[in-house]
Amino acid sequence: MDENSAKEALVGRVLGWYQKHRRLLPWRGEQDPYRVLLSEVLLQQTRAAQAIPYYHRFLARFPTLEALAQATEEEVLWVWQGCGYYTRARNLHRLARQVSAIPSSYAELRRLPGLGPYTAAAVASIAFGEPVAAVDGNVRRVLARLWAWEQPKGGLVRAKAEELMREALRRAPPGEWNQALIELGALVCTPRRPECKRCPAVQFCQGREAPERYPRPQVRKQQPQEMVALVLQGPAGFHLEKRPGGVLGGLWGVPMEEEPGGLERLLARFGLKQAQKVGEVRHEFTHRRLLVRVYQAPWEGGENPGLRPLSRLDRKVLELAGARL
DNA sequence: TTCCCGGAAT
DNA sequence: ATTCCGGGAA
């Protein structure tokens, strides 16, 4: 079999598999650009299962781009709370205020805040039928295994993805093909323990004998970090403050400081002599492993934390201190 | 518990 | 190159 007929067969097998095995996700088959864009932003760094409830909540609260533009940033974060990567929500809100309609080409989409190469390509292909390859982590992994690339350069992956897209165009719309490749990576060609037995493309796969070698997992250094949180409780609830930019930017939470000296600085800030330790909370970011020692003290003020957008971290801290959320 | 995964902005 | 988050698998 020559190279071209192999490529044709590969594309056909993947498309056939996709038609039979794709999940029935709420945004599948969706053509409305606003909804497609929302789903793709939600799917950045987030599994489909986790994105689903947020997709429904978001659309229930902001059914259109206009409705989103009318909202305040805090209302948007309120719906997004718990989903992580809150810059996505802030960018979505900015985007809604920048444009009156979702632009229809990859080049224009790429200029919107929060849309990088992947998301712009996904929206352009799914909502507008533009034949551009959407390369996410799934596609990168699938292609790396098919051609046994241990450390694939971005340009190489992109070139191969575009080549396959040109072939797929003969058989399916661009958005269908992109989603087929992504779905294969999500369901079968998974990062760990891929199910090659179920793979429609295994006969074309040069990495099938050792799939977990391709692509080589990236090393990341995770620094342990110790923090102190001070939960100030009063008759009306808890003292909360809005976090500035950076970590958990825009969300609300309890006062926190880095160790060492964190507790002393917190006590000084609030004019307190002492606080009572209530326990510890562990929380992980990509690059940091947090250990938060939680202290508690009485306070005059306070508010109901159930009315503010909170991160998982602050939720854990408040629950440890007895808050009901 | 620990380990590991993932797009965009800067 | 580094910074953002949370959840699922091992």
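Labels below follow one simple rule: chain letters A, B, ... track the order of the sequence lines, proteins then strands, and each chain is numbered from 1.
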| message | So A/R288, base contact, sugar-phosphate only, or nothing? Heavy-atom distance under 4.0 Å. | response | sugar-phosphate
| For the student: nearest non-hydrogen atoms of A/L266 and A/A229, plus distance | CD1-C, 4.3 Å
| request: Measure the distance from CZ on A/R140 to P on B/dC5 and round it to the nearest whole Å. | output: 10 Å
| request: Give A/V247 one of three labels, base, sugar-phosphate or nothing, depending on what nucleic acid heavy atoms sit under 4.0 Å from its own. | output: sugar-phosphate
| Shortest non-hydrogen contact between A/M165 and A/V132, atoms and distance | CE-O, 3.5 Å
| query | Nearest-Å distance, CG (A/L291) to C1' (B/dT2)? | reply | 15 Å
| task | Nearest whole angstrom, please: distance from the P of B/dC4 to the CD of A/E284. | result | 11 Å
| Taking atom types as modelled, is there a side-chain donor on A/T119 or A/Q44 under 3.5 Å from an acceptor on the other? | yes
| To the nearest Å, how far apart are A/L42 CG and B/dG6 P? | 18 Å
| Ion pair A/E284/A/R282, N-O distance below 4.0 Å | no
| said: Ignoring hydrogens and geometry beyond distance, is a side-chain donor-acceptor pair present between A/Q81 and A/R315 at under 3.5 Å? | reply: yes
| request: Determine the contact category for A/F285: base if any of its heavy atoms lies under 4.0 Å from a base atom, sugar-phosphate if only primed atoms, P, OP1 or OP2 are that close, otherwise nothing. | output: base
| request: Between A/Q50 and A/R193, name the one whose nearest nucleotide on DNA chain C is closer to the 5' end. | output: A/Q50
| remark: Looking only at heavy atoms, the pair that brings A/E108 and A/S104 closest together is OE1-N, 3.8 Å
| message | Counting only heavy atoms and a strict 4.0 angstrom limit, can you tell me which residues of residues 73-98 of chain A come near DNA chain C? | response | A/G82, A/C83, A/G84, A/Y85, A/Y86
| request: Heavy atoms only: give me the nearest A/M256-A/V317 pair and the separation to one decimal. | output: CE-CG2, 4.1 Å
| message | I'd like the 5' and 3' limits of the part of DNA chain C contacted by chain A, with heavy-atom contacts below 4.0 Å. | response | C/dT2 to C/dA10
| task | Remember a base hit wins even if backbone is also touched, and classify A/T46 as base, sugar-phosphate or nothing at under 4.0 Å, heavy atoms. | result | nothing
| message | For a quick check of understanding: with a heavy-atom distance under 4.0 Å over all strands, which category does A/R315 fall into, base, sugar-phosphate or nothing? | response | nothing
| message | Just the rounded figure in Å: distance from C1' of B/dA9 to CG of A/L115. | response | 13 Å
| Between A/R110 (side chain) and A/A120 (backbone), is there a donor-acceptor pair under 3.5 Å? | no
| Between the side chains of A/Y118 and A/E40, is a donor N or O closer than 3.5 angstrom to an acceptor N or O? | yes
| Is there a donor-acceptor pair closer than 3.5 Å between any side-chain N or O of A/R88 and the backbone N or O of A/G84? | yes
| note | Stems for DNA chain B (at least 3 consecutive Watson-Crick or G-U pairs, under 3.5 Å) come to B:1-10 with C:1-10
| field | Electrostatic pair A/E162:A/R158 at N-O distance under 4.0 angstrom | value | yes
| task | Among the candidates B/dG6, B/dA8, B/dC3, find the nucleotide nearest to the side-chain atoms of A/Q45. | result | B/dG6
| Distance-only polar pair, side chains of A/E74 and A/T72, donor-acceptor under 3.5 Å | no
| Under 4.0 angstrom, heavy atoms only, what part of the nucleic acid is A/D136 near: base, sugar-phosphate, or nothing? | sugar-phosphate
| remark: Between A/Q44 and A/R192, the residue closer to the 5' end of DNA chain B by nearest nucleotide is A/R192
